[in-house]
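Inspection log for the structure reproduced underneath, given as structure tokens.
Worth saying up front: this structure is predicted, and the values here are computed from it rather than measured.
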Amino acid sequence: MTDATNTIEFEDNRALAEIVGPHSRNLALIERAFEIEIAHRGNILTLSGEGDAVRRGMETLTALREREAKGRAIEQGDVEGAIRFAAAPTREPAETPASAREINPRGVEIHTRKRIIEPRSPRQAEYVDALMNDTLTFGIGPAGTGKSYLAVAAGVAAFLEKRVDRIILSRPAVEAGERLGFLPGDLKEKIDPYLRPLYDALHDTLGGEQTTKFLESGVFEVAPLAFMRGRTLSNAFVVLDEAQNCTRMQMKMFLTRLGENSQMAVTGDPTQVDLPRGETSGLQEAVDILEGIRDTSIIRFTDSDVVRHPMVARIVKAYDRLDAERSDARRGDARRGGHGDDRR
């Protein structure tokens, strides 16, 4: 039974076609997300369904119309992003200094040479705001939430705006235990496989020619975490990626490299630790002890913030359920004295 209907009219048929998408693909995404029906007649879209769902559908279409009016293309990811914003107005804000600021999610953007990058979820908007305003920002959560990409993009924007003189990107090469000697090739060839995602983000935001130029001149530096020891990183935007694979001492070492007029972004997924058995990850400890420190933001992403293929969000949820079941089972074993179920 239909509870509500609403219409949105377009004066520009070209704009309407862009929003509707090929074979009405974008409308189908909105219909499925909010369980509503959208009828397309001439230059009018009519939304029908439960009242609140229709309102959210209207918000989504309005956001897409505003985007098109700015002359920006509408891709599937943009539609999914508009849906996330419309679907999550009542979400709990992250308990960080960023959440205390007035953030206009629609106005938070990262300007790079190749493109303007807009957040595709409320949490991403909060994260981008923190990257642009705070000295130290932690982005933690599952794969596919844009943690690393947005951090690198924010660094590129800071460099282009001359707020910093250089960009430094780092990752722990834990797969080789920071001992890369057994791999073939020179040092660059040994470490590049671990740092490739960071190179990709630079290429996507700045372009291959400019990225190569800045890397060769040393203005951009991509290096394993071990190479940070003993340095002071001043006038730089510094990103530590895959930080869940830092030990406690490595994390302390890295954070204390922060120099004058610099910003740091630390990203990682605490559920994806690849450290040797018995080695404690430094990421969660750092988040725990720095929570509430002035000029520090901690943004926690969830599976609802995944902006890759929708299947990625479903995969993350499936693994989260498995982890929760195993955790419950371990607690049950502990209550029974660690012997498990005697009937097995």
Side-chain angles (χ1 to χ4, degrees), residues 1-94 99 101-111 115-129 144-146 150 301-314 317:
M1 178 173 142
T2 298
D3 296 323
T5 61
N6 208 339
T7 61
I8 182 168
E9 185 173 356
F10 295 81
E11 297 179 359
D12 185 343
N13 287 330
R14 183 191 56 78
L16 174 59
E18 179 77 9
I19 291 168
V20 169
H23 308 294
S24 297
R25 180 187 64 192
N26 297 342
L27 297 187
L29 289 171
I30 298 169
E31 287 180 319
R32 188 162 57 246
F34 300 118
E35 298 182 351
I36 60 176
E37 293 183 2
I38 304 178
H40 179 192
R41 299 286 185 273
N43 65 338
I44 297 176
L45 299 178
T46 302
L47 290 70
S48 305
E50 188 273 327
D52 188 59
V54 168
R55 178 183 63 78
R56 293 171 191 263
M58 286 291 293
E59 286 182 12
T60 303
L61 289 169
T62 300
L64 293 176
R65 182 163 65 176
E66 291 173 356
R67 177 181 179 82
E68 194 283 331
K70 295 177 182 178
R72 298 178 185 175
I74 296 176
E75 301 174 353
Q76 180 174 335
D78 301 311
V79 179
E80 292 168 347
I83 289 170
R84 287 189 199 95
F85 277 106
T90 57
R91 69 184 179 85
E92 293 182 7
S99 67
R101 291 194 290 262
E102 287 295 326
I103 300 173
N104 174 15
R106 306 291 183 194
V108 177
E109 299 176 337
I110 300 175
H111 290 253
R115 56 189 302 198
I116 296 173
I117 299 167
E118 299 168 282
R120 288 183 172 177
S121 77
R123 194 72 73 191
Q124 277 198 355
E126 208 170 309
Y127 183 52
V128 170
D129 180 82
T145 50
L150 291 173
F301 294 93
T302 69
D303 55 73
S304 64
D305 299 301
V306 172
V307 295
R308 291 181 186 166
H309 191 285
M311 178 58 74
V312 175
R314 293 194 284 271
K317 287 181 180 178

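- Side-chain N or O atoms of Arg65 include none that pairs as donor or acceptor with a backbone N or O of Ile8 at under 3.5 Å.
- With sequence neighbours excluded, the residues that form a side chain to side chain contact (heavy atoms under 4.5 Å, CB included) with Arg25 are Pro22, Gln76.
- A donor-acceptor pair under 3.5 Å links the side-chain atoms of Thr62 to the main chain of Met58, judged by distance alone.
- The shortest side-chain heavy-atom distance between Asn6 and Thr46 does not fall under the 4.5 Å cut-off.
- Here the shortest heavy-atom pairing between Thr5 and Ser48 reads CG2-OG, 3.4 Å.
- In this structure, Phe10 and Ile19 have side chains that are in contact, with non-hydrogen atoms separated by less than 4.5 Å.
- Closest heavy-atom contact between Ala86 and Thr60: CB-OG1, 3.3 Å.
- In this structure, CD in Glu80 is found 9.5 Å from CG in Asn26, a value given to the nearest 0.5 Å.
- Formation of a donor-acceptor pair under 3.5 Å by the Ser121 side chain with backbone atoms of Gln124 is found in this model.
- Contact check for Val79 versus Leu64: side-chain heavy atoms found under the 4.5 Å cut-off.
- For Thr302 against Thr145, the heavy-atom pair with the smallest separation is O-CG2, 3.7 Å.
- In this structure, Thr7 and Leu45 have side chains that are not in contact, with every pair of non-hydrogen atoms separated by 4.5 Å or more.
- Side chains of Pro119 and Tyr127 form no contact here, defined as non-hydrogen atoms less than 4.5 Å apart.
- Ala63 and Ala82 make their closest contact through CB-CB, 4.3 Å (heavy atoms, listed as atom of the first residue, atom of the second, distance).
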Inset, instruction - Evaluate the criterion side chain to side chain contact (heavy atoms under 4.5 Å, CB included) for residue pair Ile110 and Ile116; output intermediate values, then yes/no. - result: CA-CA 6 Å; Ile110 300 175; Ile116 296 173; over 6 Å; no
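- Side-chain atoms of Asn43 never come within 3.5 Å of backbone atoms of Glu9 as a donor-acceptor pair (strictly under, hydrogens ignored).
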Show every donor-acceptor pair shorter than 3.5 Å between a side-chain atom in residues 30-40 and any protein atom, with sequence neighbours excluded, or say none if there are none.
unit_1 : atom_1 : unit_2 : atom_2 : d
Glu31  : OE2    : Ile38  : N      : 2.7
His40  : NE2    : Gly42  : O      : 3.1

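- In terms of the side chain to side chain contact (heavy atoms under 4.5 Å, CB included) criterion, Glu11 has no residue partners (sequence neighbours excluded).
- Under the rule for a side chain to side chain contact (heavy atoms under 4.5 Å, CB included), the partners of Ala15 that lie at least two apart in sequence or sit in another chain are Asp12, Glu68.
- Side-chain contact between Ile117 and Leu150: present, with at least one pair of heavy atoms (C-beta onward) separated by less than 4.5 Å.
- Residues that satisfy the side-chain hydrogen bond (donor to acceptor under 3.5 Å, both in side chains) test with Glu18, not counting sequence neighbours, are absent from this structure.
- Side-chain atoms of Glu75 do not come within 3.5 Å of backbone N or O of Asp78 as any donor-acceptor pair.
- The side-chain hydrogen bond (donor to acceptor under 3.5 Å, both in side chains) search around Asp52 returns Arg55, Arg56, not counting sequence neighbours.
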